Amino acid sequence: MPPESVIRSRQNPIYKQIRSLLRRDRRHKERAFLVEGPRFIEDAIATGAEPTLIAVAESTVRAGQPLAGRAVRVFGDELFEGLSDTVHSQGTLAVFPIPTLTPTEGITPFLLVVDAVQDPGNLGTLIRSASGAGVTEVVVLPGTVDPWSPKTVRAAAAAHFLVPIVSSTVDALGTRIGAGMELLAADANADTSYDNCALTGPIAVVVGAEGAGLSASVRALDPTPISIPLESGLESLNAGVAGSVILFEASRQRRAQANSTKTPDSS
């Protein structure tokens, strides 16, 4: 690799472009975000997404690496550290356009609504679980950490490319609820257990902020509170785990309903 092909200046426009995407405002203006780590990048590409740029630290460049052939730029190790959001970087990151996915037509609406969740790890876990549980859309309300932040993206492990993620106001959510969708909210103090609820119809499951719970504006929509019974005196689960438990119960019920309505094989 010729020395002149390695980017070493902080004034380099490519370096500045990538580094700007560490900021929320730039991600949303550019409609682009960062995915770090070769495994997550490969998983994203496997969904059909295509990076516009791949940055690699000089020390990680190897002959025949799987990301070769794309728009790869090599950075000096010290300079690359200024692009990475991790303590121990894997030496590879990529710029991807923010996906514009839409819910599959003909599927009963199954929404995850995230209300002012502040921890990016919790939000990433919720997005990953939403994808695995068959959620049709993740709705992010004001006050929630940016779903496209590097920490959230790492926690979701490429699930951002598999489920539609949209930002919404509470008023817009209320309009959808008024159109016949049931709103349920995770609440540790609720009398009704999540597994005693019918979760096969059009539903929106709300997960509120860590500690504070639901915002006043979401409570004004009068959601049905549901709880997760806990043993051993444990008071609560974190937002990512609690939301995931409820989502997969809804997925189980929907799968059971679909199996029960299948026409028996006549052969």
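Note that this is a predicted model, so its numbers are computed, not measured. Scope of the values below: all heavy atoms of this structure, side chains included, with no hydrogens, waters or symmetry mates.
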[Y]/[X] salt bridge by N-O under 4.0 Å criterion:
X	Y	value
Asp195	Arg252	no
Arg8	Glu58	yes
Arg39	Asp43	yes

Taking all atoms of both residues into account, what is the closest heavy-atom pair of [X] and [Y], and its distance?
X	Y	value
Phe110	Gly134	CD2-O, 3.6 Å
Val241	Leu237	CG1-CD1, 3.9 Å
Leu126	Gly240	CD2-O, 3.8 Å
His160	Pro147	NE2-O, 2.5 Å
Leu214	Val207	CD2-C, 4.5 Å
Ala55	Phe80	O-CE1, 3.5 Å

Applying the 4.5 Å side-chain criterion to the ILVMFWY set and letting contacts propagate, would [X] and [Y] be lumped into a single cluster?
X	Y	answer
Val140	Ile127	yes
Val218	Leu184	no
Val135	Trp148	yes

### Task
Verify whether one side chain among Glu36 and Ser84 offers a donor that lies under 3.5 Å from an acceptor in the other.
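Glu36 vs Ser84: donor-acceptor pair found between side chains.
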### Query
Is there a donor-acceptor contact under 3.5 Å linking the side chains of Gln253 and Glu249?
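Looking only at side-chain atoms, Glu249 and Gln253 do form a donor-acceptor pair, the distance falling under 3.5 Å.
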Under the side chain to side chain donor-acceptor pair (under 3.5 Å) test, which residues partner [X], sequence neighbours left out?
X	answer
Glu182	none
Gln11	Lys16
Gln17	none
Glu81	none

Quick check against the 3.5 Å criterion: does [X] have a side-chain atom that pairs as donor or acceptor with the backbone of [Y]?
X	Y	answer
Asp187	Ile226	no
Arg27	Ala32	no
Arg254	Gly201	yes
Asn259	Arg255	yes
Ser89	Thr86	no

#### Entry: Point-to-point distance, once rounded to the nearest 0.5 Å, from OH of Tyr194 to CD1 of Ile246
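Going from OH on Tyr194 over to CD1 on Ile246, the span is 8.5 Å.
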### Task
Quick one: do Leu141 and Val114 satisfy side-chain contact (heavy atoms from CB on, under 4.5 Å)? Show the steps, please.
CA-CA 6 Å; Leu141 297 182; Val114 189; over 6 Å; no
### Query
Under the ring-ring contact (aromatic ring centres under 6.0 Å, His included) test, which residues partner Phe161, sequence neighbours left out?
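If we apply the ring-ring contact (aromatic ring centres under 6.0 Å, His included) test to Phe161, skipping adjacent residues, the hits are Phe33, Phe96.
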#### Entry: Thr108/Thr200 under side-chain contact (heavy atoms from CB on, under 4.5 Å): CA gap, chis, key distance, verdict
CA-CA 8 Å; Thr108 301; Thr200 56; over 6 Å; no
By side-chain contact (heavy atoms from CB on, under 4.5 Å), which residues pair with [X], not counting sequence neighbours?
X	answer
Pro103	Thr136, Glu137, Pro164
Thr169	Asp171, Ala172
Arg73	Ile7, Ile14, Leu53, Phe75
Pro109	Leu111, Met181, Pro202

Can you pull the side chain to side chain donor-acceptor pair (under 3.5 Å) pairs that have at least one residue in [range], sequence neighbours excluded?
range	value
residues 225-236	none
residues 117-131	Asn122-Glu210, Ser129-Ser244
residues 96-106	none

